[in-house]
Amino acid sequence: ENVLIRSKLERPPLPGRLVARPRLVERLEKGRDGRVTLVAAPAGYGKTTLALQWLDQRTGDMAWVSLSHRESEPERFASYLVTAIRNQRPGALAQTAALLDARTEQPWSHFTEVLLSELAVLEEPLLLALDDYHVIASREVHELVVRMVEELPETLCVAALGRIDPPWPLGRWRGKGWLAELRGRDLRFTPDEIRAFTLPVESEFLY
């Protein structure tokens, strides 16, 4: 039985010391009509903080999952995915949730078909945010997310934050206009952002 950590399903608060990055938030916002938003950059580039700034301004429902290596186990990933979505849509995915609660193991292929069929009938737009997606090493999980993007209506969109590109067909998605993406080069601070980040610290010594 999978015991879920509730804090992993809650969007983290914005840090107290924050450099506003409206130029990047605007780029993410322009891509919100696509199916996938990808922010891929090394550690320390502020991926999660930027995403939180964007989500803080974004309207509409959002399901959040903070991932760890344990979620590479497909059933555990699915448990978090289903719980996050049901937190926003309490009546949704009832059959999928029942399969997860069942004591007998279900074939993964059967489970994914049930999940996709129930996701396909979601009526209101929902954004699924997956933080630290780079920790996922499971082919089954990657294939599930790809199928969600390619087979489901546009009511469900995926935002993934990670240190490397996921093994998804990104080229095909770019060609279809489904993908909004930011890389490490995009997240580098401009001179104005560097000043905004360092000035409060320097001012403690100047005054």
Side-chain angles (χ1 to χ4, degrees), residues 5 7-60 62-72 76-77 80-81 84 126-139 141-146 148-150 156-201:
I5 301 171
S7 60
K8 291 166 66 71
L9 296 165
E10 298 173 359
R11 188 171 78 190
L14 280 166
R17 187 181 177 201
L18 182 68
V19 176
R21 312 194 77 183
R23 63 187 178 88
L24 298 181
V25 170
E26 182 179 0
R27 285 184 57 178
L28 293 175
E29 187 64 17
K30 285 181 178 178
R32 67 178 293 174
D33 292 333
R35 299 190 179 200
V36 182
T37 297
L38 174 64
V39 183
Y45 273 64
K47 300 178 291 295
T48 301
T49 300
L50 172 63
L52 292 173
Q53 289 187 53
W54 171 49
L55 295 172
D56 196 53
Q57 301 178 28
R58 189 181 186 276
T59 58
M62 184 275 306
W64 177 280
V65 183
S66 295
L67 298 167
S68 70
H69 291 280
R70 294 189 65 194
E71 280 72 67
S72 275
R76 187 170 176 82
F77 177 87
Y80 275 104
L81 171 71
L126 179 67
L127 174 68
L128 173 65
L130 302 172
D131 195 18
D132 285 337
Y133 190 84
H134 62 271
V135 302
I136 299 298
S138 165
R139 177 178 56 84
V141 170
H142 295 316
E143 290 177 350
L144 172 60
V145 177
V146 170
M148 287 166 54
V149 171
E150 298 198 335
L156 181 67
C157 300
V158 175
L161 318 175
R163 297 178 185 176
I164 59 175
D165 282 357
W168 300 341
L170 300 179
R172 181 165 74 237
W173 293 352
R174 287 189 197 100
K176 291 178 175 290
W178 290 357
L179 181 64
E181 54 192 320
L182 291 176
R183 306 285 170 175
R185 61 182 177 273
D186 302 308
L187 270 64
R188 293 191 182 101
F189 275 5
T190 65
D192 285 343
E193 289 170 341
I194 292 173
R195 283 190 290 271
F197 183 75
T198 59
L199 184 58
V201 176

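Just the heavy atoms: all of them, side chains too, but no hydrogens, waters or symmetry mates, feed the values below.
- Under the ring pair (Phe, Tyr, Trp, His ring centres under 6.0 Å) criterion, Y133 pairs with H142, W168, not counting sequence neighbours.
- By the 4.5 Å heavy-atom criterion applied to side chains, L187 and R21 are counted as neighbours.
- Contacts of D56 classified as side chain to side chain contact (heavy atoms under 4.5 Å, CB included), with partners at least two apart in sequence or in another chain: R11, L14.
- Side-chain atoms of K8 do not come within 3.5 Å of backbone N or O of V65 as any donor-acceptor pair.
- The side-chain heavy atoms of C157 and T37, taken from C-beta on, include no pair separated by under 4.5 Å.
- The closest donor-acceptor contact from the side chain of K47 to the backbone of P42 lies under 3.5 Å.
- Side-chain atoms of S68 do not come within 3.5 Å of backbone N or O of V135 as any donor-acceptor pair.
- For the side chain to side chain contact (heavy atoms under 4.5 Å, CB included) with L161, the qualifying choice from V39, L38, L67 is V39, the only one to do so.
- Looking at D186 and R27, their side chains come closer than 4.5 Å, going by heavy atoms from C-beta outward.
- Interatomic distance, NE2 of H69 versus CZ of R76, reported as 13.0 Å (0.5 Å rounding).
- For R58, the side chain to side chain contact (heavy atoms under 4.5 Å, CB included) partners are E29, R32, W54, L55, L127, not counting sequence neighbours.
- With a 4.5 Å cut-off on side-chain heavy atoms, R35 and K176 do not count as touching.
- Taking 4.5 Å as the limit, some side-chain heavy atom of L50 sits within range of a side-chain heavy atom of L28.
- Taking 4.5 Å as the limit, some side-chain heavy atom of W173 sits within range of a side-chain heavy atom of E150.
- With Y80 contributing its side chain and I5 its backbone, the two residues share a donor-acceptor pair below 3.5 Å.
- Contact record, S138 with S72: CB-O, 2.8 Å, taken as the closest heavy-atom pair.
- Between E10 and S7, the side chains place no donor N or O within less than 3.5 Å of an acceptor N or O (distance only, hydrogens not considered).
- The one candidate from L128, L52, L9 that meets the side chain to side chain contact (heavy atoms under 4.5 Å, CB included) condition with W64 is L52.
- Annotation: side chain of V141 is not in contact with side chain of R139 (no heavy-atom distance under 4.5 Å).
- Separating the CG atom in L81 from the CE atom in M148 is a distance of 5.0 Å, to the nearest 0.5 Å.
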